K.L.:
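Quick one: the structure is below, questions incoming.
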Amino acid sequence: MNYDQFFQSSLDELHTGGNYRVFADLERYVDSFPRARNHRDGKVHDITIWCSNDYLGMGVSDTVISSMKEAIDRCGGGAGGTRNISGTNHYHVLLEQELASWHNKDAALLFSSGYVANMTALMTLGAKVPGMVLFSDALNHNSMIEGIRHSRAPRHVWKHNDYDDLHRQLSQYDRETPKLVIFESVYSMDGDIAPLEKIIEVAEHHNAMTYLDEVHAVGMYGESGSGVAERDGVADRVDIIQGTMGKAIGVVGGYIAAKHSVVDFIRSFGAGFIFTTSMPPTVAAGACASVRYLRQHNDLRIRHQERAATLKARMKALGLPAMPSVSHIVPLLVGDAALCKQASDLLLEKHDIYVQPINYPTVPKGTERLRFTATPLHTDADIDHLCTALVDVWATLGLKRDVLAAE
């Protein structure tokens with residue numbers, strides 16, 4: 001086999017289809033986010049970021065930064081090993097206590113990322129619970145799919161957010177069969193929110209456990225910000241809640257929160273936890289400070305929702321094809337991979353606006369889009385600049401608009 005030829009031809013196919021990923025070389029301005037430096041073409045450009053998952057700007061907040069500085073002065077750069085080998089720092093313990101309290105659960109467990117949290121928890125449950133059958137929403141994140149796949153447990157995929165289809169599939173098994181229903185609250189590509197209460201009711205009817213991914217919701221929804229389950233008043237009925245510190249919390253890492261026995265089971269049998277070096281104490285300190293702040297500042301969430309709603313309204317008024325979204329996610333349909341990449345490039349090179357193209361396999365072919373995430377720190381002037389730029393790019397590329405809305 002000609003290995004080099006194989007690798008290059010595979011990459012060439014990505015380029016030809018417009019699906020090759022190019023990373024923007026960025027430096028965030030800590031004192032003026034969402035501004036950033038973009039290193040390209042041998043120069044440095046000042047740009048505005050419109051696609052950050054640091055939804056609330058907590059990653060550049062004084063609260064988080066000062067806590068991280070204090071922790072690095074006290075404990076240094078790294079944790080020193082896995083949690084089993086000198087890697088359990090007191091900052092980890094404090095963060096797990098804070099996360100458990102936030103979700104009103106007995107315990108929480110930290111992972112190196114949200115991806116690893118999902119993969120490890122689902123792989124462990126599917127593999128280690130005798131006879132376990134897994135039921136996954138059709139649009140669940142890749143991390144959940146991989147955890148399910150590697151568990152080698154029997155699995156079923158139910159139609160997205162269709163609790164009637166979930167009921168039909170669960171009905172194939174008796175109540176004594178161990179079952180786990182796996183779903184998300186906010187689906188980040190379309191911006192829709194799952195009907196949590198209905199899904200939980202179906203799971204309870206069939207004596208199934210529930211596993212809820214709230215990575216795009218923690219910090220964002222509910223009076224104290226712990227997620228959509230809190231907002232909808234069903235958090236106490238969810239068996240396992242999974243979240244991330246890499247989005248609204250503003251740092252990095254993942255976690256689960258559940259009963260003591262469930263958390264201890266995954267802690268004791270989950271390879272992705274046992275064999276991974278623990279997060280640096282400075283990260284745990286920053287995450288803990290962020291969660292404590294977010295629990296007390298619902299005003300930040302109110303401002304954030306207003307910014308997202310304002311952006312959606314402005315796009316609609318201009319006839320830009322914003323896809324329906326009931327969350328803070330603002331997807332703008334392009335429908336072609338190459339054009340989506342060109343639109344992203346034009347926004348950056350001509351207008352100093354960064355938003356990445358979302359192409360296959362992240363979304364189905366024909367639904368390629370730009371995905372915007374307003375933050376509380378985006379101003380009216382930022383929105384004006386973005387909308388003016390989008391109209392120009394749409395005209396330059398001949399992309400479809402809603403003419404009636406534009407008039």
Side-chain angles (χ1 to χ4, degrees), residues 7-29 32-55 188-191 247 307-308 311-312 314-316 318-323 325 328-375 377-379 381-402 406:
F7 295 138
Q8 192 57 54
S9 63
S10 298
L11 293 170
D12 289 343
E13 287 180 13
L14 290 178
H15 280 285
T16 302
N19 292 317
Y20 182 77
R21 298 169 190 254
V22 178
F23 300 148
D25 185 348
L26 305 174
E27 287 183 77
R28 295 204 295 181
Y29 286 110
S32 59
F33 180 77
R35 307 288 178 269
R37 301 176 186 88
N38 173 215
H39 296 261
R40 69 176 191 271
D41 304 325
K43 299 179 182 177
V44 179
H45 305 260
D46 285 334
I47 66 165
T48 303
I49 298 177
W50 272 101
C51 55
S52 175
N53 282 343
D54 187 359
Y55 293 131
S188 64
M189 290 301 111
D190 291 333
K247 294 181 171 60
R307 292 286 80 188
L311 179 58
K312 293 175 190 177
R314 287 293 307 279
M315 287 181 172
K316 183 177 180 180
L318 291 169
L320 294 166
M323 302 168 71
S325 167
H328 58 283
I329 306 296
V330 185
L332 194 60
L333 181 66
V334 177
D336 178 272
L339 289 173
C340 196
K341 178 66 168 64
Q342 290 176 46
S344 174
D345 289 345
L346 272 175
L347 284 168
L348 184 61
E349 294 164 6
K350 186 177 179 180
H351 299 282
D352 290 322
I353 288 171
Y354 177 59
V355 58
Q356 85 278 30
I358 305 294
N359 292 345
Y360 178 84
T362 306
V363 296
K365 292 180 180 179
T367 68
E368 293 85 358
R369 67 201 66 178
L370 301 176
R371 174 185 174 273
F372 296 89
T373 53
T375 73
L377 303 175
H378 282 95
T379 65
D382 291 329
I383 293 176
D384 290 341
H385 178 218
L386 172 62
C387 288
T388 299
L390 287 170
V391 169
D392 176 69
V393 168
W394 250 244
T396 300
L397 298 178
L399 299 175
K400 293 181 180 179
R401 292 175 61 191
D402 183 341

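Bear in mind that the values here come from a model prediction, so they are computed numbers and not experimental data.
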K.L.:
Is it the case that the side chains of H378 and T375 hold a donor-acceptor pair, with the cut-off being a distance below 3.5 Å and no angle test?
P.N.:
yes
K.L.:
Would you kindly check if the NZ (Lys) or CZ (Arg) of R28 is within the cone defined by 45 degrees around the ring axis of F33 and under 6.0 Å from the six-membered ring centre?
P.N.:
yes
K.L.:
What's the shortest heavy-atom distance between K341 and Y20, and which atoms?
P.N.:
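What the structure gives for the nearest pair is CE-O, 4.3 Å.
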K.L.:
Would you give the length of the straight line joining atom CH2 of W50 to atom CG of L311, rounded to the nearest 0.5 angstrom?
P.N.:
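Between atom CH2 of W50 and atom CG of L311 there are 5.0 Å.
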K.L.:
How close do S344 and V355 get, counting heavy atoms only, and between which atoms?
P.N.:
OG-O, 2.7 Å
K.L.:
Any donor and acceptor pair, going by atom type alone, linking the side chain of R401 with main-chain N or O of L399 inside 3.5 Å?
P.N.:
no
K.L.:
Could you tell me which non-hydrogen atom of N38 sits nearest to which non-hydrogen atom of A24, and how far apart they are?
P.N.:
ND2-CB, 4.4 Å
K.L.:
Quick one: pull up CD1 in I329 and CG in D190 and give me the separation to the nearest 0.5 Å.
P.N.:
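Result: 10.0 Å between the selected atoms.
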K.L.:
Give a yes or no answer on whether the side chain of R307 reaches the backbone of I383 with a donor-acceptor pair at less than 3.5 Å.
P.N.:
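No, R307 side chain to I383 backbone: no donor-acceptor pair under 3.5 Å.
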K.L.:
If only atom types and distance count, is the side chain of N19 paired as donor or acceptor with the main-chain N or O of N359 below 3.5 Å?
P.N.:
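No.
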K.L.:
Considering all heavy atoms of both residues, which atom of R40 and which atom of E349 are nearest to each other, and what is their separation?
P.N.:
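Reported closest heavy-atom pair: NH2-CA, 3.5 Å.
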K.L.:
Are any side-chain N or O atoms of T373 and backbone N or O atoms of S52, one a donor and one an acceptor, separated by less than 3.5 Å?
P.N.:
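Checking the backbone N and O of S52 against the side chain of T373, a donor-acceptor pair under 3.5 Å is found.
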K.L.:
Do you know which two heavy atoms are closest between A343 and L370, and how far apart they sit?
P.N.:
CB-CD1, 4.2 Å
K.L.:
Mind running side chain to side chain contact (heavy atoms under 4.5 Å, CB included) on R314 and L386 for me, showing each step along the way?
P.N.:
CA-CA 10 Å; R314 287 293 307 279; L386 172 62; over 6 Å; no
K.L.:
Is K312 reaching over with its side chain to a backbone N or O of S325, donor-acceptor style, under 3.5 angstrom?
P.N.:
yes
K.L.:
To the nearest 0.5 Å, what is the distance between CG (L346) and CG (L339)?
P.N.:
10.5 Å
K.L.:
So do the side chains of V393 and H351 get within less than 4.5 Å of each other, counting heavy atoms only?
P.N.:
yes
K.L.:
Is it true that the side chains of D12 and S9 contain a donor and an acceptor less than 3.5 Å apart?
P.N.:
no
K.L.:
From I49 CD1 over to I353 CD1, what is the distance, rounded to the nearest 0.5 angstrom?
P.N.:
12.0 Å
K.L.:
Checking T362 against R371: is there a side-chain donor and acceptor pair closer than 3.5 Å?
P.N.:
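No, no side-chain donor-acceptor pair sits under 3.5 Å.
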K.L.:
Which distance, rounded to the nearest 0.5 Å, do you find between the CD1 of I358 and the OG of S188?
P.N.:
8.0 Å
K.L.:
Backbone N or O of T379 within a donor-acceptor pair of the D382 side chain at under 3.5 Å?
P.N.:
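Answer holds: yes.
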K.L.:
Would you sort out whether K400 and L333 count as a side chain to side chain contact (heavy atoms under 4.5 Å, CB included), showing the intermediate values?
P.N.:
CA-CA 9 Å; K400 293 181 180 179; L333 181 66; over 6 Å; no
K.L.:
Could you pull out the closest heavy-atom pair between W394 and V334, with the gap in Å?
P.N.:
CH2-CG2, 3.9 Å
K.L.:
Around atom OH of Y29, are there more than 12 heavy atoms of other residues, nucleotides or ligands at under 6.0 Å?
P.N.:
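It does: Y29 OH has more than 12 such atoms within range.
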K.L.:
Verify, without hydrogens or angle tests, whether E13 (side chain) and L11 (backbone) share a donor-acceptor contact under 3.5 angstrom.
P.N.:
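The answer is no, because no donor-acceptor pair under 3.5 Å joins these two groups.
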K.L.:
Any side-chain heavy atom of L332 within less than 4.5 Å of one from M323?
P.N.:
no
K.L.:
Working to the nearest 0.5 Å, report the span between CZ of R21 and CG of L14.
P.N.:
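Reported to 0.5 Å precision, the distance equals 8.5 Å.
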